[in-house]
S.K.: 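Provided herewith is a single structure, encoded as structure tokens, for subsequent inquiry.
One-based numbering, in listed order, for ligands and for the atoms of each. Computed from a prediction, not measured in an experiment: that's the story for all the values here. Keep in mind that the numbers below use all heavy atoms, side chains included, and drop hydrogens, waters and symmetry copies. The residues of the chain are indexed from 1 along the displayed sequence.
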Amino acid sequence: VFRAPIKDQLFVLDDLLGAASLAKLPRYADYSPEMSESVLAAAGRLASEVLDPLNESGSREGSRLTSQGVCTPKGFPAAYRRFASEGWTGLSISKEIGGRGAPLVLGTAVEEIGCGANVAFTLCPLLARGAIEAIFIAGSRDLRDRFLPRMVSGEWPGTMNLTEAQAGSDLAAIRTRAVPDGDHFRLFGQKIFITYGDHDMAENIVHLVLARIDGAPAGVKGISMFIVPKRQVRGDGSLGELNDLRCASIEEKLGIHASPTCVMAFGDKDGAIGFLVGEPNRGLEYMFIMMNAARLGVGVQGVGLGERAFQIAVDWARTHVQMAAASGLDSAPVPLIEHPEVRRMLLSMKSSVESIRALTLYAAMQLDRAHGLVDQREATVALSRAELLIPIVKAWSTDQGYNVASTGVDVQGYSGHLGQSDGVQVLCDVRITAIYEGTNGIQANDLVGRKLARDGGAAMSALLDEIEVELRVTDTDDPALRHTKAAVLDAIGTLRNTTQLMLRQWAASVPAALAVAVPYLKLCGSALCGWLSARGAMRAAARLAAGDPDSDFYRAKLQSARFYADHVLPQVRDWAQICNEGAMSVVDAEAELI
Ligand SMILES: Cc1cc2nc3c(=O)[nH]c(=O)nc-3n(C[C@H](O)[C@H](O)[C@H](O)COP(=O)(O)OP(=O)(O)OC[C@H]3O[C@@H](n4cnc5c(N)ncnc54)[C@H](O)[C@@H]3O)c2cc1C
């Protein structure tokens with residue numbers, strides 16, 4: 001049974017990030033720690049009463065294509081109705097368009113609970129949130145009025161239609177055609193792998209589709225974005241005819257079986273009616289609004305599933321008794337958690353999940369600051385920081401989520417390997433997170449080629465400067481905490497030097513820089529998570545010094561940070577060495593000899 005990690009989330013929001021400071025921004029004036037507490041408690045109830053109970057059955061049953069369209073597993077449509085009626089779809093959507101206007105950092109914490117409880121279900125609203133944002137920013141007044149209120153209320157969830165058989169990572173190869181027809185367009189083409197491309201959880205679906213208007217330039221400069229509803233929307237807002245689009249088939253997958261992954265056929269007959277969003281040929285730029293939201297969301301999936309895997313493993317290790325303790329003092333068997341190796345595995349899982357949670361929420365809060373700060377210069381700094389962090393959050397959190405799930409299977413031994421176990425489901429469900437929304441390799445290219453290169457490393461330097469100041473000014477008498485801080489400072493220094501190296505490498509040879517982009521991203525992820533873990537430890541130490549009665553909770557934070565410093569941060573030096581010395585063994589390698 002999944003337990004929403006509300007206390008840990010509140011610790012990150014309140015102590016580690018100081019999210020209460022958001023209330024100083026006019027946009028989030030009604031935000032308060034009490035608001036987070038009550039919203040997370042309500043999300044926890046939804047998770048335990050509705051989402052978690054459908055997780056295993058949903059996976060077993062899967063979604064099916066029938067003559068009536070796609071049927072999601074038993075219980076999913078009712079769960080979605082409750083989800084929408086409780087207002088979750090609009091939680092962090094601006095009040096201007098009918099949302100509840102909560103900061104994204106709170107929305108992200110809620111999303112983590114959803115992903116931990118039932119990731120396949122949560123994918124639907126997670127993608128819809130990005131679609132709403134893209135239409136809000138790029139759509140005309142008419143399109144916003146026609147579609148957004150019903151999308152925000154959850155009545156009409158949104159999807160993202162990019163991928164085609166020849167166009168996965170390479171979106172320049174998109175071929176779906178859009179033919180002008182009066183005030184709209186008619187679309188013809190096939191999209192593949194479309195998450196929730198069809199389903200029975202809502203009366204309409206708003207597809208955001210990338211296509212080329214006839215005569216548009218080749219490549220990414222000729223792609224436009226369209227709203228293509230499953231059902232037509234009449235002038236008075238009521239629903240009309242079915243549009244000329246259908247789900248042709250659904251994919252058999254390794255995990256997230258309840259989430260229908262659809263091949264979508266547009267324009268079998270006269271063409272699917274679609275409405276151009278924004279200007280022609282700027283579709284990819286608009287779709288990036290949706291993709292950035294979704295990339296953060298996929299990082300959150302890594303956190304939620306990592307938390308679920310950790311809970312399964314720690315419960316197992318506390319209740320399964322086996323073999324005498326390694327100390328040899330007593331021959332009586334002890335719970336698995338007493339054995340040093342099992343304890344090491346659990347500490348690695350716990351410290352990893354805690355640190356990616358902190359990183360993900362930190363990035364979300366930078367977006368809140370970017371949207372809410374009145375001072376434009378400060379807002380721009382926050383936005384560049386968020387943009388810098390998004391590929392790291394997406395790739396590092398999902399890689400960690402997978403590692404944690406895999407370690408969880410080890411903790412359970414053969415029982416963890418059985419096909420129907422919860423741990424195996426987590427492992428299978430989390431695997432896709434490294435692939436969709438831009439593979440983790442593509443995230444590393446984005447980090448080095450776009451996010452670092454475009455400002456010469458300025459956003460990264462500004463972040464590292466702040467971290468060093470923060471770590472230097474806070475002092476402590478606790479030797480373990482001092483050691484943790486020193487290890488983090490060392491890792492941050494290594495990240496600074498390696499960033500300069502990557503910039504030089506990019507200027508000298510793009511292939512050489514990209515050959516080590518993934519090790520560089522891992523270096524960023526491990527060092528930045530180390531910093532946030534140390535910050536958590538310092539805030540926990542302050543609570544303990546103030547005599548907080550919940551001392552076990554805070555001592556556990558110190559324990560996690562110490563483990564992270566000893567077992568994860570040393571890897572930073574290895575990643576740095578690979579960035580320094582590893583590029584040419586890739587660049588020089590002859591493809592035919594591999
Ligand atoms: C379950 C599921 C759900 C999905 N949902 C959606 C959805 O809702 N909407 C949608 O539009 N798409 C969706 N997708 C598609 C998904 O986004 C793509 O699968 C993904 O972007 C990768 O594209 P590809 O599969 O064609 O892999 P490829 O592009 O063929 O990549 C193969 C490998 O080569 C690497 N690679 C490719 N090009 C480069 C390069 N230039 N530099 C470095 N490495 C490179 C990749 O990192 C990867 O490791 C979904 C996919 C799955 C499996």
S.K.: Checking the N or O distance criterion of under 3.5 Å, is ligand 1 in contact with Asp170?
M.R.: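 No.
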S.K.: Between Glu203 and Arg150 (salt bridge meaning N to carboxylate O under 4.0 Å), is one present in this structure?
M.R.: yes
S.K.: Taking NZ, NE, NH1 and NH2 as the nitrogens, is one of them in Asp244 or Arg186 under 4.0 Å from a carboxylate oxygen of the other?
M.R.: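 No, Asp244 and Arg186 are not salt-bridged.
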S.K.: Please report whether ligand 1 has a polar contact with Phe193, defined as an N or O pair separated by less than 3.5 Å (distance criterion only).
M.R.: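 Yes: some nitrogen or oxygen of Phe193 is under 3.5 Å from one in ligand 1.
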S.K.: Which residue from Ile442, Val298, Thr159 reaches closest to atom 36 (N) of ligand 1 through any of its heavy atoms?
M.R.: Ile442
S.K.: Could you check whether Thr159 and His207, counting side-chain N and O atoms only, form a donor-acceptor pair closer than 3.5 Å?
M.R.: yes
S.K.: Ignoring hydrogens and geometry beyond distance, is a side-chain donor-acceptor pair present between Gln571 and Ser526 at under 3.5 Å?
M.R.: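 Judged by distance alone, the side chains do not pair up.
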S.K.: Within 4.0 Å of atom 39 (C) of ligand 1 (strictly less), any protein heavy atom?
M.R.: yes
S.K.: Please state which protein non-hydrogen atom is closest to atom 8 (O) of ligand 1 and give its distance, to 0.1 Å?
M.R.: Thr195 N, 3.0 Å
S.K.: Under 4.0 Å from atom 12 (N) of ligand 1, is there any protein heavy atom?
M.R.: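 It does; a protein heavy atom is within 4.0 Å.
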S.K.: Hey, is Asn445 touching ligand 1 through its side chain, its backbone, both or neither, going by heavy atoms under 4.0 Å?
M.R.: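 Side chain only.
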S.K.: I'd like to check atom 25 (O) of ligand 1 in this structure: does the protein have a heavy atom lying under 4.0 Å from it?
M.R.: no
S.K.: If we set the cut-off at 4.0 Å for heavy atoms, which region of Glu251 has an atom near ligand 1: side chain, backbone, both, or neither?
M.R.: neither
S.K.: Hey, mind stepping through Trp506 and Val448 against side chain to side chain contact (heavy atoms under 4.5 Å, CB included) and telling me if it holds?
M.R.: CA-CA 8 Å; Trp506 177 261; Val448 174; 4.1 Å; yes
S.K.: Using the test side chain to side chain donor-acceptor pair (under 3.5 Å), find all partners of Arg385 that sit at least two apart in sequence or belong to another chain.
M.R.: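 For Arg385 the side chain to side chain donor-acceptor pair (under 3.5 Å) partners, ignoring immediate neighbours, are Tyr362, Glu466.
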S.K.: Would you call Glu387 and Arg450 a salt bridge, using N to O less than 4.0 angstrom?
M.R.: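 No, this pair does not count.
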S.K.: Could you walk me through whether Glu307 and Arg357 pass salt bridge (Lys or Arg N to Asp or Glu O under 4.0 Å), step by step?
M.R.: CA-CA 9 Å; Glu307 172 68 32; Arg357 171 179 297 126; 2.9 Å; yes
S.K.: Would you tell me whether Ser384 and Asp455 have side-chain atoms, one donor and one acceptor, within less than 3.5 Å of each other?
M.R.: no
S.K.: So which heavy atom in the protein is nearest atom 1 (C) of ligand 1, and how far is it from that ligand atom?
M.R.: Lys253 CD, 3.6 Å
S.K.: Number the atoms of ligand 1 from 1 as they appear, then name those within less than 4.0 Å of a heavy atom of Ile435, with their elements.
M.R.: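 Ligand 1 atoms under the 4.0 Å threshold to Ile435: 20 (C).
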S.K.: Arg64 vs Asp200, test: salt bridge (Lys or Arg N to Asp or Glu O under 4.0 Å). Steps then yes/no.
M.R.: CA-CA 11 Å; Arg64 290 167 299 119; Asp200 54 0; over 6 Å; no
S.K.: Below 4.0 Å, non-hydrogen atoms only: which portion of Ile432 touches ligand 1? Side chain, backbone, both or neither.
M.R.: side chain
S.K.: Between Thr163 and ligand 1, which residue portion shows a heavy-atom distance shorter than 4.0 Å: side chain, backbone, both, or neither?
M.R.: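 Both backbone and side chain.
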S.K.: When you measure from atom 31 (O) of ligand 1 to every protein heavy atom, which one gives the shortest distance, and what is it?
M.R.: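 Answer, as residue, atom name and distance: Ser169 OG, 3.8 Å.
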S.K.: Of the protein's non-hydrogen atoms, which lies at the shortest distance from atom 35 (C) of ligand 1, and what is that distance?
M.R.: Thr439 OG1, 4.8 Å
S.K.: Would the Phe76 and Phe121 ring centres measure less than 6.0 Å apart?
M.R.: yes
S.K.: Is the shortest N/O to N/O distance between Tyr436 and ligand 1 below 3.5 Å?
M.R.: no
S.K.: What I want to know is whether Met160 and ligand 1 share at least one N or O pair that is separated by under 3.5 angstrom.
M.R.: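 Yes, there is a polar N/O contact under 3.5 Å.
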S.K.: Please enumerate all residues that pass side chain to side chain contact (heavy atoms under 4.5 Å, CB included) together with Asn204, with sequence neighbours excluded.
M.R.: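 Listed in chain order: Trp156, Pro229, Lys230, Arg231, Val233, Leu239.
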S.K.: Quiz question for you: does at least one protein heavy atom lie closer than 4.0 Å to atom 51 (C) of ligand 1?
M.R.: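 Neighbour list for atom 51 (C) of ligand 1 includes protein heavy atoms (cut-off 4.0 Å).
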S.K.: Among Cys262, Ser259, Gly438, which one has a heavy atom closest to atom 21 (O) of ligand 1?
M.R.: Gly438
S.K.: Does the side chain of Lys191 come under 3.5 Å of the side chain of Thr163 through a donor N or O and an acceptor N or O?
M.R.: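 Judged by distance alone, the side chains do not pair up.
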S.K.: If you count the atoms of ligand 1 from 1 in the order shown, which ones are under 4.0 Å from a heavy atom of Glu437?
M.R.: 17 (O)
S.K.: Could any protein non-hydrogen atom be found less than 4.0 Å from atom 5 (N) of ligand 1?
M.R.: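 Within 4.0 Å: yes, protein heavy atom nearby.
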